[in-house]
Amino acid sequence: MHQINSLFSFRANEDFLQNDIRVKPDLDALGVLGDAGWYCIRAILWAVDYELPKNVIALPEPVKNQAGVLIACGATLYWADGKMATFHCSFLANLTMDLTVIGTDGTLHVTDFIIPYEEKSGPFSVASRSNFAELHTGWVPQPSKHVVTTDLPQEALMVKEFCRLVQGIRDAGAKPEGKWPAITRKTQVVMDAVKTSIDKGFESVDVVS
């Protein structure tokens, strides 16, 4: 794997930009980074099997509201083996949810990785060993399109998984699941490093596991 790009933006209305808790420094001071940026970072970590990056550098010129809360920002993440990822999140741009994962011989592209276009299906495309067609008039082979379907929307599946974990503890003596807390903590660690980089003038910040 060489590079990952993730983007989550939506154009918030004036009421949101003035009154939502996400834009209040005393309520949710991380702003767009703590909201849309969380999903971007989580998607990147998913693509690398939750391996933490070595360091992050925030992108310059983030947008803040009058209270100093972030409403658009981004960062670049670096791994010791040469992998790199970038993300951008914004309350000021058209609704977009893109994830692109680029490897040596293939590319994965998802264009609705947070809220699907339709509740019970999720499309994605895969390009494998792509090249130029003769005279550079197209691609060969062309990316293939795929759709994952489900009988339940993702929110219901999340509640179902939570209930399964609780039931296992209550009825079968199972121990609390460690997977989700570990993933959540890693996401938070990266997000905190990005915020630190912004606060320090876009310096490189090491990610401490």
Side-chain angles (χ1 to χ4, degrees), residues 1-12 16-18 20-103 107-115 178-209:
M1 184 182 306
H2 291 283
Q3 186 166 351
I4 307 154
N5 300 315
S6 66
L7 169 63
F8 179 21
S9 65
F10 62 91
R11 187 171 182 180
F16 180 104
L17 293 174
Q18 294 296 326
D20 194 273
I21 64 169
R22 296 169 184 84
V23 298
K24 299 293 185 180
D26 56 338
L27 295 176
D28 190 352
L30 288 170
V32 71
L33 178 60
D35 182 15
W38 176 278
Y39 294 98
C40 294
I41 293 168
R42 175 66 65 84
I44 290 169
L45 291 176
W46 167 81
V48 297
D49 199 24
Y50 301 104
E51 176 191 356
L52 284 173
K54 180 181 178 182
N55 62 298
V56 306
I57 302 175
L59 301 179
E61 299 186 16
V63 181
K64 298 180 180 180
N65 65 10
Q66 290 183 342
V69 177
L70 292 163
I71 55 176
C73 66
T76 304
L77 289 58
Y78 299 92
W79 282 259
D81 62 0
K83 291 191 298 290
M84 183 179 72
T86 60
F87 79 86
H88 180 75
C89 53
S90 175
F91 289 155
L92 305 174
N94 190 58
L95 183 62
T96 304
M97 303 175 184
D98 279 2
L99 173 65
T100 304
V101 182
I102 305 167
T107 304
L108 168 69
H109 192 201
V110 186
T111 55
D112 61 348
F113 76 95
I114 301 165
I115 303 295
K179 172 185 176 181
W180 301 114
I183 292 172
T184 300
R185 181 183 178 279
K186 288 183 176 182
T187 309
Q188 185 71 48
V189 165
V190 175
M191 188 173 67
D192 288 345
V194 172
K195 181 62 164 60
T196 299
S197 179
I198 292 172
D199 293 342
K200 289 188 174 183
F202 319 108
E203 291 182 0
S204 176
V205 174
D206 292 340
V207 177
V208 181
S209 60

Visitor: Please enumerate all residues that pass side-chain hydrogen bond (donor to acceptor under 3.5 Å, both in side chains) together with T111, with sequence neighbours excluded.
Guide: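 Partners of T111 under the side-chain hydrogen bond (donor to acceptor under 3.5 Å, both in side chains) test: Y117.
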Visitor: Hey, mind stepping through T76 and M84 against side-chain contact (heavy atoms from CB on, under 4.5 Å) and telling me if it holds?
Guide: CA-CA 7 Å; T76 304; M84 183 179 72; 3.7 Å; yes
Visitor: Not counting sequence neighbours, list each pair that qualifies as a side chain to side chain donor-acceptor pair (under 3.5 Å) and has a residue in residues 57-70.
Guide: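 Listed once each, the pairs would be none.
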Visitor: Starting from the C-alpha separation in whole Å, work towards a yes-or-no answer on side-chain contact (heavy atoms from CB on, under 4.5 Å) for L70 and L30.
Guide: CA-CA 7 Å; L70 292 163; L30 288 170; over 6 Å; no
Visitor: Under the rule for side-chain hydrogen bond (donor to acceptor under 3.5 Å, both in side chains), what residues qualify as partners of D35, not counting sequence neighbours?
Guide: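 D35 satisfies side-chain hydrogen bond (donor to acceptor under 3.5 Å, both in side chains) with R22 only.
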Visitor: Taking atom OG1 of T187 and atom CG of L52, what is their separation to the nearest 0.5 Å?
Guide: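 If we round to the nearest 0.5 Å, T187:OG1 and L52:CG are 9.0 Å apart.
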Visitor: With sequence neighbours left out, write down each residue that passes side-chain hydrogen bond (donor to acceptor under 3.5 Å, both in side chains) with T100, or none if nothing qualifies.
Guide: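 T100: no side-chain hydrogen bond (donor to acceptor under 3.5 Å, both in side chains) contacts found.
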Visitor: Considering residues at least two apart in sequence or located in another chain, which fulfil the side-chain hydrogen bond (donor to acceptor under 3.5 Å, both in side chains) criterion with T86?
Guide: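 Partners of T86 under the side-chain hydrogen bond (donor to acceptor under 3.5 Å, both in side chains) test: N5.
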Visitor: Which pairs count as salt bridge (charged side-chain N to carboxylate O under 4.0 Å, His left out) when at least one residue sits in residues 178-189, sequence neighbours excluded?
Guide: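 Pairs touching residues 178-189 that pass the test: none.
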Visitor: For the residue pair A58 and V194, what are the closest heavy atoms and their distance?
Guide: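 Residues A58 and V194, closest heavy atoms: CB-O, 4.0 Å.
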Visitor: Once rounded to the nearest 0.5 Å, what's the spacing between atom CG of L33 and atom CD1 of I198?
Guide: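 Those atoms lie 5.5 Å apart.
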Visitor: Do R42 and I183 come within less than 4.5 Å of each other through their side chains, counting heavy atoms only?
Guide: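 Yes, their side chains come closer than 4.5 Å.
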Visitor: List in chain and number order the residues that pass side chain to side chain contact (heavy atoms under 4.5 Å, CB included) with A182, two or more places apart in sequence or in another chain; answer none if no residue qualifies.
Guide: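 Counting only residues at least two positions away or on another chain, A182 forms no side chain to side chain contact (heavy atoms under 4.5 Å, CB included).
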Visitor: Output every pair passing ring pair (Phe, Tyr, Trp, His ring centres under 6.0 Å) with a member in residues 25-55, not counting sequence neighbours, ordered by first then second residue.
Guide: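 Qualifying pairs: F8-Y39.
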Visitor: Just so I know, are the side chains of L92 and L17 near enough to count as touching, which here means a heavy-atom distance under 4.5 Å?
Guide: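 With C-beta onward as the side chain, the pair touches.
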Visitor: So I4 and L99, do their side chains get closer than 4.5 Å, heavy atoms only?
Guide: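 Of all side-chain heavy-atom pairs linking I4 with L99, at least one is under 4.5 Å.
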Visitor: Counting N and O atoms only, with roles assigned by atom type, does the side chain of S9 sit under 3.5 Å from a partner on the main chain of S90, one being a donor and the other an acceptor?
Guide: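 No, the answer is negative, given that no donor and acceptor are paired below the 3.5 Å cut-off.
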Visitor: Can you name the side chain to side chain contact (heavy atoms under 4.5 Å, CB included) partners of D81, sequence neighbours left out?
Guide: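 D81 satisfies side chain to side chain contact (heavy atoms under 4.5 Å, CB included) with W79, K83 once adjacent residues are dropped.
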Visitor: Grab the two heavy atoms, one from V23 and one from Q18, that are nearest each other, plus how far apart they are.
Guide: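 In this case the closest contact between V23 and Q18 is CG2-C, 4.2 Å.
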Visitor: Show the numbers, then the answer: is there a side-chain contact (heavy atoms from CB on, under 4.5 Å) between C73 and C89?
Guide: CA-CA 6 Å; C73 66; C89 53; 3.6 Å; yes
Visitor: Supply the atom-to-atom distance L77 CG to Q3 CD, rounded to the nearest 0.5 angstrom.
Guide: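 Between atom CG of L77 and atom CD of Q3 there are 11.5 Å.
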Visitor: To the nearest 0.5 Å, how far apart are CG in N94 and CZ in R11?
Guide: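 One gets 8.5 Å once the value is rounded to the nearest 0.5 Å.
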Visitor: According to ring-ring contact (aromatic ring centres under 6.0 Å, His included), who are the partners of F91, at least two apart in sequence or on a separate chain?
Guide: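 In terms of ring-ring contact (aromatic ring centres under 6.0 Å, His included), with neighbours along the sequence ignored, F91 is linked to F10, F16.
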Visitor: At what distance, to the nearest 0.5 angstrom, does CD1 of I57 lie from CZ of F202?
Guide: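 Rounded to the nearest 0.5 Å, the CD1-CZ separation comes out at 12.0 Å.
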Visitor: Might you point out which heavy atoms bring C40 and F113 nearest each other, and give the distance in Å?
Guide: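 The pair with the smallest heavy-atom distance is CA-CZ, 4.4 Å.
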Visitor: Work out which heavy atom in V69 is nearest to a heavy atom in P25; give both atom names and the distance.
Guide: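 Reported closest heavy-atom pair: CG2-N, 3.6 Å.
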Visitor: What salt bridge (charged side-chain N to carboxylate O under 4.0 Å, His left out) pairs are there with at least one residue in residues 199-209, not counting sequence neighbours?
Guide: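 Counting only pairs at least two positions apart or across chains, the salt bridge (charged side-chain N to carboxylate O under 4.0 Å, His left out) contacts touching residues 199-209 are K195-D199.
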Visitor: Can you list the steps and then say if V207 with V189 is a side-chain contact (heavy atoms from CB on, under 4.5 Å)?
Guide: CA-CA 7 Å; V207 177; V189 165; 3.5 Å; yes
Visitor: Indicate yes or no: at least one non-hydrogen side-chain atom of P53 is less than 4.5 angstrom from one of L45.
Guide: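 P53 reaches L45 side chain to side chain.
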Visitor: Report the distance from atom CG of D26 to atom CD1 of I21, rounding to the nearest 0.5 Å.
Guide: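 Between atom CG of D26 and atom CD1 of I21 there are 10.5 Å.
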